[in-house]
Participant: 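What follows is a structure written as structure tokens; I'll ask about it next.
Proteins come first, then strands; the chains are lettered A, B, ... in the order of their sequence lines, and each starts at number 1.
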Amino acid sequence: MTYLRPNFRHPDSPTNELGYTRQYYEGGLSTLCAGCGHDSISAAIIDACFQMNIEPHRVAKLSGIGCSSKTPAYFLSGSHSFNSVHGRMPSVATGANMANRDLIYIGVSGDGDSASIGMGQFAHVTRRNLNMAYICENNGCYGLTKGQDSATMDRDSVSKKGDVNMYSPIDLVRVAIEVGATFVGRSFSGDKAQLVPLIKAAISHRGFALLDVVSPCVTFNNHQGSTKSYAHVREANDATPVDFVPTRQEITTSYDAGTTQEVCLHDGSLVRLHKAADDYNIEDRQEALQAIAHHSGEGRILTGLLYVDRDSEDLHDVLGTTRQPLNTLTQNELCPGSRFLDSINAGLR
Amino acid sequence: MQPRQAINDFVIKFANVNGTGSASANGMFAKAIFRMGIPVSPRNIFPSNIQGMPTWYEVRVSEDGYLGRRGGTDIMVCVNPQSMDKDVKSVDPGGYFIYDSTKPLDLRYVRRDIHYIGIPFTEICLREYQDARQRLLFKNVIYVGALAALLNIDFGILKDLVADQFKGKEKLITPNVHALDLGYKYAMEHFDCPMGMHLESGRAVAKHISDFDQILMDGNTAAGLGAVYAGATVAAWYPITPSTSVVEAFDKYCRRLRIDPGTGKKNYAIVQAEDELSAMGMVIGAAWNGARSFTATSGPGVSLMSEFLGLAYFAEVPAVLIDVQRAGPSTGMPTRTQQSDILAAAYASHGDTKHVLLFPATPAECFELTVKSFDLAERLQTPVILLSDLDLGMNEWMSPPLEFDDEYRYDRGKVLDAEALDALDERFGRYLDVDGDGIPYRTYPGAHAEKGAYFTRGSSKDEYAAYTEDGDAYVRNMDRLLKKFETAKTLVPEAKIKSANTRTDYGVMFFGTTASPSYEAVEILEKEGIALDTCRIRAFPFTENIEDFIRDHERIFVIEQNRDGQMRRLLLNETAVDARSKLVPVLEYDGLPVTARKIARVMRDYIKGADVVNLMDDPALKELQS
């Protein structure tokens, strides 16, 4: 792959409401393999942030370790980023969010990072409903250590070496719904039309938003017999198209009421799903779990927004922390001073 | 043997069953002596259990102001038949054994060289109370009442303490005072009160105690309060004995002091994490984002946090960790004390890492050094570990009052805000050593729309935070971190050095809770004519006066509470002087705080064995030493 990126941009490149071009949201050059699904997800994040008129410096990017966790270097170079340790991004994100509730937190993880070494932190950040978008770039294998099976690899899926996986897979989407997630979506790196609005909705959601994005590993898990290959996912994807309508945008298109489900998020933005007539209510946890299990049983992959709790309260709401970011409180506001210490001393005599 | 006589100078030990309410009665006993103006140091020696196991409470009374453990037991209050055999044996000759005489004493427990005082606690309880729970709880109060008579405790002070304890539950005051009275009257009627060993208020006490208006406080509460005063806004933790009460204290004081008056919302966040790994991750995330954050743990937690400590060291993120040490390795003895995390903390994590350590020795220092640790962590952009221990953290210590200078301002370190970034002519380099002290400048996320964003990572990077595997850039960065550690030497608290009255080649080094009994041991030996200079280490990296102290002495005892002489090893590793043959380890690691008697004995034996002429070769002193 080439390490030279053309600097040329068309002078008439479209700008968003902030006057920024899409280029402004890009990052460094990817060092992932050519054709890696993760690069498509980075591009989708760039599109989502560009289209949502987000100021890059108001975003904090967080990741763990692995191919997926390298990607925050490849988008939003104007944002601070924290590439932490393997499987521990959720805790770093939790601390960061406690310090400043006003930033947008985008976490990027992988299936090894989330479903194996980081399974504990993944479950707990989910149940705490930390306000962040958590994107798991799921390729069913360990890419950076050259192709070992991961915990999300489907049973009977075949590795590049030809071994058949006999272990039961962990489905992060179902785990998340089970432990109390308030926004759960699944998508495919090759389906930008669905992924970009899902990322926007995940960012708009107040609370923990999981996006499990199947993202094929072109080098180690894209062969015949793998259930995480481009060919297989394209064929098995039962995709629900998703639209994201920002708060201030007028709704102009109309859909047949019977096949459209609309969910208004706390900031007033709207997620609209174009569903099959026999579909379930995505605000019902049990129905969501049943639908996902049903598709999985049929060898299908259900993608789209799978579950949402629009009345979700995030960790700050639960803890009752002040509206002002904690990192802006000054010594005068935080330190009780010597007079109070005198009264403490008096109580200890 | 005649019962021994002593005024304001003895060790009394209570043998209880845990979970029976004895802790609050014993605490009241110690506090009453404290309020009488007599120096006292109580210690809980307890099992890792909630109910039913033997537990002891040792109270040392010393008008000389010695607060460390002395060694030995003068008075045993036996309320637990399970441990009676061991408890009888542990009384020093001439001492007292106070027991429940409801049943006759087993003849196996009768010794000729100690004095027995039988009080029918159970019988009194059975007579006075119908309810089983009351019989259990009031037995404790009754023996405190009896001790008030036997030891001459001011009964009015005890009544005040009962009133303090049951503030808001006034109904309970009268029955508790009645129970005190039952014990008091029984003792007065049946024994010569006070007994030979007793208390007298109004006598002169040691100057270092009488010079201050003392408080009684445990180190963990002081550290938790220190975090409030330091402006910590994020605490993340996982429960573990003996550190739990640090965050509990932080929580307690925050509920009083950190509620926004306008909205009723909290100006702090406490997250109970799923484990210690996560707790440290949260601390690092919050500090990276510009909040002062901390965690408290014990040895097993330090092991789990090591990976993150390495990240914070290498990515240069502040973090404050309060390690209340307990006896390791592994689960070890969770409710017993040790100073055995020194090396684990100093070098936590893989690769070349070193961390700043602070060693508080008193509650006042737990408070002061906790405040200091946040300044150091932010100034140095690195983890700072406060090494307390169970003895200091969970026991109440007499201490000078806590002090805070309202003129003092937090040192938030080298942080570029939007204004500073705008004023910056050159390109911002997150890991660039601009000032030559090894400390680079950082920015908080979201600080500026166009400038100052950088990529934080645990992998190798150049001065501008760009990923690199270039060997030269890696070495430059590692060497700068070393330079930063040199800078730390000039910022951490200096060792406290005290010289003996006469010139001596002998020195003693100690830190944390080893300090009190060490100072006492040095005074014991001084009376025997053995002069020792002392050096109380307060921080790692070692300040220059520590190297000087080693250089200036021929033999230096390093007193510590672990098996391997970890501080001695750290001194050998991290000082420029050749000290291998100079540093003599004096070690205690049975899980109980080291005693002054033991330290004095080991140093005396060594010095005598080393054939040093005793300056005061007095036969009377010799007898004392034997």
Side-chain angles (χ1 to χ4, degrees), chain A residues 28 55-60 62 65 72-73 77-86 88-100 102-103 120-121 123-124 128 315-316 319-331 333-342 344-345 348-349, chain B residues 35 213-217 225 228-229 231 233-234 236 257-258 260 263 265-271 273-275 277-291 293 307-308 311 401-406 409-410 443-450 453-459 467:
Chain A
E55 293 189 274
H57 77 288
R58 303 307 298 166
V59 175
L62 300 121
I65 293 291
S77 59
S79 309
H80 274 68
S81 190
F82 201 147
N83 181 195
S84 66
V85 285
H86 203 10
R88 323 281 179 229
M89 174 267 279
S91 63
V92 176
T94 303
N97 190 308
M98 289 301 95
N100 185 355
D102 280 356
L103 298 183
Q121 295 214 347
H124 286 274
R128 286 190 193 104
L315 182 55
H316 280 287
L319 291 176
T321 38
T322 193
R323 185 64 209 87
Q324 195 184 343
L326 292 176
N327 70 351
T328 62
L329 297 171
T330 62
Q331 180 170 356
E333 290 159 298
L334 296 171
C335 184
S338 64
R339 273 187 60 192
F340 181 77
L341 208 51
D342 291 343
I344 289 184
N345 284 323
L348 296 168
R349 286 185 183 110
Chain B
R35 285 210 181 159
D213 171 19
Q214 298 277 315
I215 58 168
L216 196 63
M217 186 181 207
L225 186 64
V228 176
Y229 271 73
T233 50
V234 178
L257 299 164
R258 287 280 192 78
D260 183 78
T263 60
K265 297 280 187 183
K266 294 174 180 169
N267 283 337
Y268 65 98
I270 300 174
V271 184
E274 57 272 30
D275 52 36
L277 291 87
S278 179
M280 185 45 84
M282 290 177 192
V283 168
I284 290 170
W288 172 75
N289 217 354
S293 56
E307 180 192 35
F308 258 130
L311 172 76
L402 307 180
E403 284 178 15
F404 190 82
D405 176 6
D406 290 323
R409 306 315 292 168
Y410 299 155
T443 57
Y444 298 156
H448 192 287
E450 261 109 34
Y454 68 95
F455 206 92
T456 306
R457 47 162 63 86
S459 44
Y467 179 82

Participant: Measure Leu277(B) against the heavy atoms of chain A and call it side chain, backbone, both or neither at under 4.5 Å.
Facilitator: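 The answer is both parts of Leu277(B).
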
Participant: At a 4.5 Å cut-off on heavy atoms, which part of Pro72(A) comes close to chain B: side chain, backbone, both, or neither?
Facilitator: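 Pro72(A) touches chain B through backbone and side-chain heavy atoms alike.
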
Participant: Any idea which of Glu333(A), Arg128(A), Arg339(A) has the most non-hydrogen atom pairs under 4.5 angstrom with chain B?
Facilitator: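 Ranked by heavy-atom pairs under 4.5 Å with chain B, first place is Arg128(A).
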
Participant: In terms of heavy-atom pairs under 4.5 Å, which option from Gly458(B), Ala236(B), Ala449(B), Ala287(B) contacts chain A the most?
Facilitator: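 Option with the top pair count is Ala449(B).
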
Participant: Any sub-3.5 Å donor-acceptor pair from Tyr454(B)'s side-chain atoms to His80(A)'s backbone N or O?
Facilitator: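 Flag not set: sc Tyr454(B) to bb His80(A) has no pair under 3.5 Å.
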
Participant: Against chain B, label Ser84(A) side chain, backbone, both or neither, depending on which of its atoms sit under 4.5 Å from a heavy atom there.
Facilitator: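 Ser84(A) touches chain B through backbone and side-chain heavy atoms alike.
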
Participant: Thr94(A), Leu62(A), Leu315(A), Val59(A): which one forms the most heavy-atom pairs within less than 4.5 Å of chain B?
Facilitator: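 Counting heavy-atom pairs under 4.5 Å, the top option is Thr94(A).
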
Participant: Look only at the side chain of Ser79(A) and the backbone of Pro56(A), and say whether a donor-acceptor pair between them is shorter than 3.5 Å.
Facilitator: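 Side chain of Ser79(A) to backbone of Pro56(A): a pair is present.
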
Participant: With chain A, which of Gln214(B), Arg409(B), Glu403(B), His448(B) has the greatest number of heavy-atom pairs at distances under 4.5 Å?
Facilitator: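 Top option by heavy-atom pairs under 4.5 Å: Arg409(B).
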
Participant: Can you tell which part of Ile65(A) gets under 4.5 Å to a heavy atom of chain B, answering side chain, backbone, both or neither?
Facilitator: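 Nothing of Ile65(A), per the 4.5 Å heavy-atom cut-off to chain B.
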
Participant: Mind ranking Gly120(A), Ala60(A), Ala73(A) by heavy-atom pairs under 4.5 Å with chain B and telling me who comes out on top?
Facilitator: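 Heavy-atom pair counts peak at Ala73(A).
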
Participant: Can you say whether Phe308(B) sits under 4.5 Å from chain A via the side chain, the backbone, both, or neither, judging by heavy atoms?
Facilitator: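 Contact with chain A: side chain only.
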
Participant: Using heavy-atom distances under 4.5 Å, tell me whether Leu326(A) contacts chain B through its side chain, its backbone, both, or neither.
Facilitator: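 For Leu326(A), the contact with chain B is made by backbone and side chain together.
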
Participant: Please determine whether side chain to side chain donor-acceptor pair (under 3.5 Å) holds for the pair Ser91(A) and His124(A), giving the CA-CA distance in whole Å, both sets of side-chain angles, and the decisive distance to 0.1 Å.
Facilitator: CA-CA 9 Å; Ser91(A) 63; His124(A) 286 274; over 6 Å; no

Participant: Just to verify, what does Arg349(A) make a side chain to side chain donor-acceptor pair (under 3.5 Å) with, not counting sequence neighbours?
Facilitator: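 Asp213(B).
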
Participant: Please evaluate residues Phe404(B) and Leu402(B) with respect to the criterion side chain to side chain contact (heavy atoms under 4.5 Å, CB included), reporting the C-alpha separation (whole Å), side-chain torsions for both, the decisive distance (0.1 Å), and the verdict.
Facilitator: CA-CA 7 Å; Phe404(B) 190 82; Leu402(B) 307 180; over 6 Å; no

Participant: Show the nearest heavy-atom pair for residues Leu329(A) and Gln324(A), with the distance to one decimal.
Facilitator: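 Smallest heavy-atom distance, with atoms named: CD2-OE1, 3.5 Å.
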
Participant: Could you go through the side chain to side chain contact (heavy atoms under 4.5 Å, CB included) check for Thr263(B) and Arg323(A) one step at a time?
Facilitator: CA-CA 9 Å; Thr263(B) 60; Arg323(A) 185 64 209 87; over 6 Å; no

Participant: For each of Ala447(B), Gly290(B), Ala273(B), Gly281(B), tally heavy-atom pairs with chain A at distances under 4.5 Å, and name the one with the top tally.
Facilitator: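 The answer is Gly281(B).
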
Participant: Let me know if Ile270(B) has heavy atoms under 4.5 Å from chain A in its side chain, its backbone, both or neither.
Facilitator: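 When you check distances to chain A, only backbone atoms of Ile270(B) fall under 4.5 Å.
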
Participant: So which of Met217(B), Arg35(B), Glu307(B) has the largest heavy-atom pair count under 4.5 angstrom toward chain A?
Facilitator: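 Going by pairs under 4.5 Å, I would pick Glu307(B).
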
Participant: Indicate yes or no for a side-chain donor-acceptor contact from Asn327(A) to the backbone of Asn289(B) under 3.5 Å, with no hydrogens or angles considered.
Facilitator: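 Indeed, once roles are kept as given, a pair shorter than 3.5 Å links the two residues.
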
Participant: Among Arg457(B), Lys265(B), Arg258(B), Glu274(B), who wins on heavy-atom pairs under 4.5 Å with chain A?
Facilitator: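 Between Arg457(B), Lys265(B), Arg258(B), Glu274(B), the count favours Glu274(B).
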
Participant: May I ask you to decide if Gln331(A)'s main-chain N or O and Tyr410(B)'s side chain share a donor-acceptor pair within less than 3.5 Å?
Facilitator: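 Not at all, since once roles are kept as given, no pair shorter than 3.5 Å links the two residues.
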
Participant: Please classify the contact of Thr328(A) with chain B as side chain, backbone, both or neither, using a heavy-atom distance under 4.5 Å.
Facilitator: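 For Thr328(A), no heavy atom lies under 4.5 Å from chain B.
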
Participant: Between the main-chain N or O of Val283(B) and the side-chain N or O of Ser293(B), is there a donor-acceptor pair closer than 3.5 Å?
Facilitator: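 Checking the backbone N and O of Val283(B) against the side chain of Ser293(B), a donor-acceptor pair under 3.5 Å is found.
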
